[in-house]
Student: 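This structure is in structure tokens; I'll ask about it shortly.
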Amino acid sequence: MAGGVAPPWLLALVGYSVLPVGITVTLWATAPSPWSSTLWVAMGFGLLFNVVASVLVWYYDTTVLPGFFDEVRELVVEESMADVERLAARHQRFFARRWAYTAVPWTVLILTTAVLATDFQRALGVAGAGDPVYPIYLAYYLWGGLLTGVGFHGMLTTVRCIREFTDAVDLRIDPLHPDGLGGLGAFGFLAIRTTLLTSLGALLLPMGFEMAAGQRLEWLVGSAILLYTVFIAGTFAYPTFRVHKVADRLREAELNRLRAEIRGLPGQLSAAGDGDTAAVDNRELAVQLEIQRLRREYREYADVKLYPMSVSILAQLVGSVLLPLFFLLLDLALSRVL
């Protein structure tokens, strides 16, 4: 913290915390009777989601998506650089301006669910639509619905971005790139950061169980969790597999080129004919050195991993997929203990 100025992420955390913390405290303070333990767990995780997801949406918009285009520029051939700039502007604008297409319908669904969950309202201490606290109750789900909707919009932005990028831009593989993935690590990190944003919605599952308990719809929530888990894995698998296919095709073309050069060099030496012994020896040495260089380059291309997956990305992916299942097990455990 230089010069007494707080880092941007801390300012975002504090700024985005005010509304969800204020709503949660108001609901708790105005409840006519104490909340149950399971309700405290549900509301606590809900509050954590509303705070952290707000910051992650801000981080995706200001750092993750722009940073991706900064990283991949070094993999793009010069002729496609204008396409990169066009795609960067297009997708950053899409995320910033078109979020309502995803978030608004989803938020309407969330608000409808909140209105119908009358048993859950009573557990919170909200006495229905005539209660002065009722608008605050709805504001809680309005905020959460918008956040989850924007999270889905971020997933859509990432999938569109990688799909259009691989279709419109000519890439090149760098087998010596520090990421050990031919430079494709940027695609993997964009995908996993989007997956983390999407999987954070699992923090709302305890609240979903609480809302479904009064309606005897736990089976529906459980089924939704399984579908949600598959969905989380898919948000990472589809874009990264698409990049892998494109990169594998580029590598095969490069290997074919190197193979043809290696096979053609001895023929060039024979075509040069006889001549001065020293000159012939020099040509043979030059050809052998060039063959060795091309074979090294061939091995580098052949050995490089082209699936954008590292140990750290794998660990984050496993955590994202297991998070919804963890809350499913947590609810089962709490239902037996409490």
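Excluded from the calculations below are hydrogen atoms, water molecules and symmetry mates; all remaining heavy atoms, backbone and side chain alike, are included.
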Student: Is it true that Leu197 and Leu48 fall in one hydrophobic cluster, defined by side-chain heavy atoms closer than 4.5 Å?
Tutor: yes
Student: Looking at OG1 of Thr157 and CZ of Arg90, how far apart are the two atoms once the value is rounded to the nearest 0.5 Å?
Tutor: 10.5 Å
Student: Could you go step by step and tell me if Val84 and Phe165 meet the side chain to side chain contact (heavy atoms under 4.5 Å, CB included) rule?
Tutor: CA-CA 8 Å; Val84 175; Phe165 194 97; 4.2 Å; yes
Student: Just how far is it from atom CG of Leu184 to atom CG of Leu75, taken to the nearest 0.5 Å?
Tutor: 6.5 Å
Student: Side-chain heavy atoms nearer than 4.5 Å, only ILVMFWY residues, links allowed to pass through others: does that put Tyr59 and Phe94 together?
Tutor: no
Student: Which atom names give the shortest non-hydrogen contact between Leu146 and Ala103, and what distance separates them?
Tutor: O-CB, 4.1 Å
Student: Going by the side chain to side chain donor-acceptor pair (under 3.5 Å) test, which pairs reach into residues 231-243, not counting sequence neighbours?
Tutor: Thr166-Arg242, Asp167-Arg242, Thr195-Thr235, Tyr238-Arg242, Thr240-Tyr307
Student: Specify the closest pair of heavy atoms between Pro239 and Gly234, including all atoms of both residues, with the distance to one decimal.
Tutor: CD-O, 4.0 Å
Student: Just wondering, do Phe68 and Cys161 contact through their side chains at under 4.5 Å, heavy atoms?
Tutor: yes
Student: When you look at Arg259 and Tyr298, which way does the side chain to side chain contact (heavy atoms under 4.5 Å, CB included) test go after all the steps?
Tutor: CA-CA 8 Å; Arg259 192 182 298 114; Tyr298 185 95; 2.8 Å; yes
Student: Determine the minimum heavy-atom distance between Pro20 and Val51, stating which atoms define it.
Tutor: CG-CG2, 4.1 Å
Student: According to side chain to side chain donor-acceptor pair (under 3.5 Å), does anything in residues 94-112 pair up with another residue at least two apart or in another chain? List the pairs.
Tutor: Trp106-Thr148
Student: Can you find a pair of side-chain heavy atoms, one from Leu171 and one from Val76, that are under 4.5 Å apart?
Tutor: yes
Student: Quick one: pull up CG in Leu196 and CD1 in Ile192 and give me the separation to the nearest 0.5 Å.
Tutor: 5.0 Å
Student: When rounded to the nearest 0.5 angstrom, what is the spacing between CZ in Arg172 and CD in Glu254?
Tutor: 11.0 Å
Student: Treating Ile, Leu, Val, Met, Phe, Trp and Tyr as nodes and any side-chain heavy-atom pair under 4.5 angstrom as an edge, say whether Leu156 and Leu190 lie in one connected cluster.
Tutor: no
Student: Start with the C-alpha distance between Trp35 and Leu27, add both sets of side-chain angles, then the distance that settles side chain to side chain contact (heavy atoms under 4.5 Å, CB included), and finish with yes or no.
Tutor: CA-CA 10 Å; Trp35 287 353; Leu27 290 174; 4.0 Å; yes
Student: Taking all heavy atoms of Gly182 and all of Val304, pick out the closest pair and write down the distance.
Tutor: N-CG2, 3.5 Å
Student: Can a salt bridge be assigned to the pair Lys245 and Asp248 using a cut-off of 4.0 Å between side-chain N and carboxylate O?
Tutor: no
Student: Can you tell me how far the CZ atom of Arg299 sits from the CG atom of Leu258, to the nearest 0.5 Å?
Tutor: 11.5 Å
Student: Could you tell me which non-hydrogen atom of Tyr140 sits nearest to which non-hydrogen atom of Leu47, and how far apart they are?
Tutor: OH-N, 3.5 Å
Student: Output side-chain donor-acceptor pairs under 3.5 Å for residues 126-139, partner residues at least two apart or in another chain, one line each.
Tutor:
{"from": "Asp131", "atom 1": "OD1", "to": "Val133", "atom 2": "N", "distance (Å)": "2.9"}
{"from": "Asp131", "atom 1": "OD2", "to": "Ala127", "atom 2": "N", "distance (Å)": "2.9"}
{"from": "Tyr137", "atom 1": "OH", "to": "Ala114", "atom 2": "O", "distance (Å)": "2.7"}

Student: Evaluate the criterion side chain to side chain contact (heavy atoms under 4.5 Å, CB included) for residue pair His177 and Leu181; output intermediate values, then yes/no.
Tutor: CA-CA 7 Å; His177 196 279; Leu181 302 171; over 6 Å; no
Student: Any pair with a residue in residues 53-77 that passes salt bridge (Lys or Arg N to Asp or Glu O under 4.0 Å), sequence neighbours left out, goes on the list, sorted by first then second residue, please.
Tutor: Asp70-Arg73, Arg73-Glu85
Student: Are Leu255 and Ile262 linked, directly or through intermediate hydrophobic residues, by side-chain heavy-atom contacts shorter than 4.5 Å (ILVMFWY only)?
Tutor: yes
Student: So, do Phe120 and Leu39 sit near enough that their side-chain heavy atoms are less than 4.5 Å apart?
Tutor: yes
Student: Could you work out, with salt bridge (Lys or Arg N to Asp or Glu O under 4.0 Å) as the rule, every residue matching Glu297, not counting sequence neighbours?
Tutor: Arg257, Arg293
Student: Determine whether the side chains of Tyr60 and Thr158 contain a donor N or O and an acceptor N or O closer than 3.5 Å.
Tutor: yes
Student: Testing the basics here: between Gly144 and Phe49, what is the closest heavy-atom pair and its distance to 0.1 Å?
Tutor: O-CE2, 4.1 Å
Student: Side-chain heavy atoms nearer than 4.5 Å, only ILVMFWY residues, links allowed to pass through others: does that put Ile23 and Val115 together?
Tutor: yes
Student: How long is the gap from CG on Leu116 to CG on Leu111, to the nearest 0.5 Å?
Tutor: 11.0 Å
Student: Kindly check if the number of other-residue, nucleotide or ligand heavy atoms within 6.0 Å of CH2 (Trp28) is above 12?
Tutor: no
Student: Give me each pair satisfying side chain to side chain donor-acceptor pair (under 3.5 Å) with a member in residues 39-56, each pair once, sequence neighbours excluded.
Tutor: none
